[in-house]
Amino acid sequence: MLPKPRRLTIQYDLILSPVAPFHFDGTVYKPSHFPSGDCMYEDGQYWQTMRFDDRVLGIRLLNMGSVDRPKVALSIFSSKQISEALLFHIKSEIEYRFDMNIDLKEFYDTCKRDSVLKPVIKRWKGMRVSNGRSLYEFLVIATVLQNATVRRSAQMLENLFEHYGAKVNYDGKTLSSFWLPKSIDQASENELRNLKLGYRAKIFKHQSYAFMSGKLDESQLRLLNTDALKSRLLELYGVGPASVWYVLFEVFKRYNAFEYISPWEQKIYSHILYNRDMVEAKVILDDVNSKWGKWKMLAIHYLFEDLFWQRKKQHIPWLDGLIRL
DNA sequence: CATCAGGGCCCTG
DNA sequence: CAGGGCCCTGAT
């Protein structure tokens, strides 16, 4: 007996002008990420639900330009009126989350003569690190990723959406939305465990409380330098060495956040950087650091996503065993 | 059937 | 600082 999706019938249209070059598809869609019910991608189009306090909104981004002359139509769908001030806030939040207002010229200059990066940047020039979700929501993803295969991660997230999220319908799509931290703060650990989250139930409780109580404030954290930010994040229960770098990079756009390699990624980097099965993590970290310095994670991101885009088009045998569905 | 590792992290000794 | 335990699943 699922409730009918809430229809978001009021539509607001805005225009975004990302800093050129801007690669729309490479930015809004990351093929290396597991699919989830809160967003949807098609060529040149992207839908995603978003929470702003008690509001559940539907977002649509349409590519109206080119890499060198970027233009994005942003539509915001809502069930009730939105004030000018909130519209502006949503717009700038989206620009931040999709890293639209950043000039990457220096990065491209740095890598111009790099034989590994050059062809990849040619394909994806203007691609940004992006994450449409809030810090709290991203941490949920990072938590379901722990110690689980892709299928199980996706299932855990789906269970959470079903129980604590909502379904909305807009622009002909039905998507799930995230919940607010207080919903999980009110849930019992046992109730969460029934969603097959295992030991992660405790992590969700801790983190939801931290956000609900205001102990953590994303907009304040954005102002911190990377070291300070990193230690604040590590104080959070359930955030360890693997998650913290994902968060620093994807949520906070710290382009050099690459100091830890998990085993499955190590195998992938060994292949794409050395054409070998396994290279020592420290060797990879040192090499990447000396080659790409303050842009190292962004550089890695280009290589990684390029690989997964290729994989959508053609079979890459060596990659098969590394992606555990 | 049983066992085990998996896209970590916490906690203990 | 090393290593066991944690939840659930699917692979073996």
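Note on naming: letters A, B, ... go to the chains in the order of the sequence lines (proteins, then strands), and numbering restarts at 1 for each one.
- Minimum atom distance to the side chain of A/Leu145 is reached by B/dG7, of the listed C/dC7, B/dC11, B/dG7.
- A straight line from CD of A/Gln155 to P of C/dC7 spans 17 Å, rounded to a whole angstrom.
- Relative to the side chain of A/Arg152, the nucleotides B/dG7, C/dC8, B/dG8 differ in distance, and C/dC8 lies closest.
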Show your working on side-chain contact (heavy atoms from CB on, under 4.5 Å) between A/Lys30 and A/Ser130 and close with a plain yes or no.
CA-CA 8 Å; A/Lys30 302 297 180 184; A/Ser130 79; 3.6 Å; yes

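- Across all strands shown, A/Arg193 has heavy atoms under 4.0 Å from sugar-phosphate atoms exclusively, and none from any base.
- Between the P atom of B/dA5 and the CD1 atom of A/Ile323 lies a distance of 22 Å, rounded to the nearest Å.
- Side-chain atoms of A/Tyr246 stay outside donor-acceptor range of the base of B/dG8, with no qualifying N/O pair under 3.5 Å.
- In the model, A/Tyr260 has no side-chain atom that pairs as donor or acceptor with a side-chain atom of A/Glu265 under 3.5 Å.
- Base-pair partner of B/dA2: C/dT12 (Watson-Crick or G-U wobble, both distances under 3.5 Å).
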>> What verdict does the ring-ring contact (aromatic ring centres under 6.0 Å, His included) test give for A/Tyr199 and A/Phe204, after you've listed the backbone C-alpha separation in whole Å, the side-chain angles of each residue and the deciding distance to 0.1 Å?
In response: CA-CA 9 Å; A/Tyr199 67 89; A/Phe204 292 123; 9.7 Å; no

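- Contact check, A/Arg151 against C/dT9: no side-chain N or O comes under 4.0 Å of OP1 or OP2.
- Ring-plane geometry between A/Trp264 and A/Phe304 is classed as perpendicular, the angle between the planes exceeding 60 degrees on a 0 to 90 degree scale with a lower cut at 30.
- Taking atom CD on A/Glu189 and atom P on C/dC6, their separation rounds to 13 Å, with Å as the unit.
- Counting only distance, with no hydrogens or angles, the side chain of A/Asp103 and the backbone of A/Lys105 share a donor-acceptor pair below 3.5 Å.
- Closest to the A/Val150 side chain, of the nucleotides B/dG7, B/dC9, C/dC6, is B/dG7.
- If you measure from atom CD of A/Gln146 to atom P of B/dG7, you get 13 Å, rounded to the nearest angstrom.
- Residue A/Lys202 places none of its side-chain N or O atoms closer than 4.0 Å to OP1 or OP2 of C/dC6.
- For A/Lys196, the side-chain atoms get nearest to C/dC8 when compared with the rest of B/dC9, B/dC11, C/dC8.
- Rounded to whole Å, the separation between the P atoms of C/dT9 and B/dC10 comes to 23 Å.
- Distance check on atom P: B/dC4 versus C/dG4 gives 13 Å, rounded to whole Å.
- Within the 4.0 angstrom heavy-atom criterion, no nucleotide atom of any strand lies near A/Leu195.
- Note on ring orientation: taking the six-membered ring where Trp is involved, the planes of A/Phe98 and A/Tyr46 are perpendicular (angle over 60°, cut-offs 30° and 60°).
- The CG-C1' distance, from A/Leu322 to B/dG7, rounds to 11 Å in whole Å.
- Both distances falling under 3.5 Å, in either a Watson-Crick or a G-U wobble arrangement, occur for no nucleotide opposite C/dC7.
- Between the CG atom of A/Asn159 and the C1' atom of C/dT9 there is a distance of 13 Å, rounded to whole Å.
- Distance A/Trp245 CH2 to B/dC9 C1': 16 Å, rounded to the nearest Å.
- Straight-line distance between the P atoms of B/dT3 and C/dC6: roughly 16 Å, to the nearest whole Å.
- The side chain of A/Ser153 places no N or O atom within less than 4.0 Å of a non-bridging phosphate oxygen (OP1 or OP2) of B/dG7.
- Atom CG of A/Leu197 and atom C1' of B/dG8 are 15 Å apart (whole Å).
- Residue A/Tyr237 is in sugar-phosphate contact alone, with no base atom involved, counting any heavy-atom pair closer than 4.0 Å across all strands shown.
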